[in-house]
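Working notes, beginning with the structure itself.
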Amino acid sequence: MKLAVGAKTDVGRTRDMNQDSLLVEEPLFVVADGMGGHVAGDVASRTAIEKIVEVKRSQSPEEPDALRSYVTEANLAIWEKGLDDPSLSGMGTTCTIIFLDGGVAHIAHVGDSRAYLYRGGELSQLTEDHTLVERMVQEGRLRREEASSHPQRSVITRVLGVDRNVDVDLSDKSVQDGDRLLICSDGLSSMIDDATIARTLGEETEPQSAAEALVDAANAAGGDDNITVIVIDVRGTDRAGATGVGHSSVPAQSAAPTAPPVAPPRRTGAVRADDEPPDPPPSRVGRKITIGLVVLLLLVGGGVLLTRYLLSNSWYVGANGDGIVTIYKGIPDEIAGLSLRDPQEQSEVRLQDLPEFLRGNVEEGIKVSSLGEARETVADLEERSEDFSDPEPEAERTRDGRRKKDGN
Ligand code: CA
């Protein structure tokens, strides 16, 4: 199969760093859109690409079920990295893969990045967004035209890296001469609508200029997110199964203002086109990303995966119905009456014995990162509650302010 390829990734106009990654290794193409605190989203999307490249060495994409294993292996790699390093905990990434072989586009997909087919002036989406609004549309609770402006449109219901297992959407699409395929992160599709994408693809003859024009259009519309696009033109199908390796391709040269007519094949590995420093100070991005992730998690009431994720990755100290300070797994908030918490340990501290400002904090839930930190918080509250309720220190207290257990 003869292909011509263009690609570009861009930080956009409002983000501090680009957490998207992409792979152009003809005939395999991947977009991964990372999310998570600090640099974690970047680590997640890079890990996905690196793992896919690694798995590809041992398992050719032609093998049955290979694409699924690309995604599940990438998922596991990110999940394990998150377990090993608390600063990466909870990171995740989307992953959309197209592998072209014998006149067929094989697609593997998780998240809200998208694959499109542009054929005969018509644009059709080949992937289904794993988002809350898409689910609402499917269930008839939201009209399609309302989805793109819905405040929760970026809430993702399926993502790589947050659980040991992940469901992968797999599909095949026959392609023909003249077809143009597009893979993009939501930084494109959330900024410009399908009609604009289609018009841009129709106006630009060369895939690289199409990729650049799409990024420009997303930036012109605000550039609220990182933007990544891969444009793949099918310029000859060979159903005998040849995969167009070698010189038929023009690998992505996305940082260049204009693509060279024939660029050398790209090195295997994550393609980062915008050459930004890989590790900017985490504080600048951490807050935004963390808020984004928390909002994401809070909003997805029905997501079993995320509920499970919350219950296994989040801790807080709150109060139970009897006003007793309790350590919970999960988050204090309820979504549509759905509880996302699970009590773990009940303390002996009563809410009413706490100073008022602390009472409010506990009622809202004090978020902590681990059971150990939760216990420290409870111990701290215990001391403060005693200090507060017994202004006269008692003789039998130990030096650290706690009561001796044996009363001695
Ligand atoms: Ca994004």
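Every number for a ligand or one of its atoms is a count from 1 in the order of the listing. Side chains included, hydrogens not; waters and symmetry mates left out as well; all remaining heavy atoms used. Residue numbers run from 1 in the order of the sequence given.
Distance alone, capped at 3.5 Å, places no donor-acceptor pair between the Tyr116 side chain and the Arg180 backbone.
In this model, no donor atom of one side chain and acceptor atom of the other lie less than 3.5 Å apart for Asp167 and His130.
For Asp186, the N/O/S atom at the shortest distance from the Ca ion (ligand 1) is named OD1. The N, O or S atom of Asp225 with the smallest distance to the Ca ion (ligand 1) is OD2. Residue-level check: among N/O/S atoms of Asp33, OD2 sits closest to the Ca ion (ligand 1).
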All N/O donor-acceptor pairs, side-chain side in residues 218-225, below 3.5 Å, sequence neighbours left out:
unit_1	atom_1	unit_2	atom_2	d
Asn219	ND2	Asp10	OD2	3.1
Asp225	OD1	Arg15	NH1	3.1

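For Asp193, the side chain to side chain donor-acceptor pair (under 3.5 Å) criterion is met by Thr196, not counting sequence neighbours.
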